[in-house]
Amino acid sequence: MSDAVAPPLRSSPATAAAVLALLAGGAAVAGLPGALVGLVVLAVRIAGGPVYAVAAGQVAVAAVAGSSAGPEPLLALEGLLLAVLVGDLVDHRRDARSVALALAAVGGAVAVAVAATRLVAEVWLATVVVALLLALAGYAAHRYTVVRFELTHEH
């Protein structure tokens, strides 16, 4: 599904539920800054696709990062943000394999982030570990897209 023709939020019940959970959960774990993350995601998702909403949410989470007391609220916000993408898969892909793979990927990313924050004494080092994980996942998604849509002759 292309983000250029994203379906309205009212026809995406799982995505809508995830966005509302982000709004409520963000307020619960991070107060007003967390609620603002939810509002940003909601506004962008109404105007565009879920990928744009999550990208805007990442920017909002980065802005909230300075005001949080520790990694737990940020991890909760990230988990709720990723639920928006999983909700979109549930709404529009509907095949169990895609949803299971997305849940496994999200679960793995959360596990690495939690382990990094618990096992590493320095926050900057835990941030490097999580950033490397996200960079690897982003590169893998990029390569998959390039090969899947035949944007290169490498097969």
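Below, all heavy atoms of this structure are taken into account, side chains as well, without hydrogens, waters or symmetry copies. The residues of the chain are indexed from 1 along the displayed sequence.
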Go through the steps to decide whether Leu80 and Val41 satisfy the test side-chain contact (heavy atoms from CB on, under 4.5 Å), and finish with yes or no. CA-CA 11 Å; Leu80 289 166; Val41 171; over 6 Å; no
How far apart are the C-alpha atoms of Leu42 and Arg45, what are their side-chain angles, what is the distance that settles it, and do they pass the side-chain contact (heavy atoms from CB on, under 4.5 Å) test? CA-CA 5 Å; Leu42 178 62; Arg45 178 55 186 92; 5.7 Å; no
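Between the CG atom of Leu20 and the OG1 atom of Thr15 there is a distance of 11.0 Å, given to the nearest 0.5 Å.
Here the options are Leu81, Leu22, Asp88, the test is side chain to side chain contact (heavy atoms under 4.5 Å, CB included), and the partner is Val54; only Leu81 passes. Partner of Leu39 under the side chain to side chain contact (heavy atoms under 4.5 Å, CB included) criterion, chosen from Leu23, Val19, Val44: Leu23.
Taking all atoms of both residues into account, the shortest heavy-atom contact from Ala30 to Pro73 is CB-CB, 4.4 Å.
Under the 4.5 Å side-chain heavy-atom criterion for ILVMFWY residues, a single connected hydrophobic cluster contains both Val84 and Val29.
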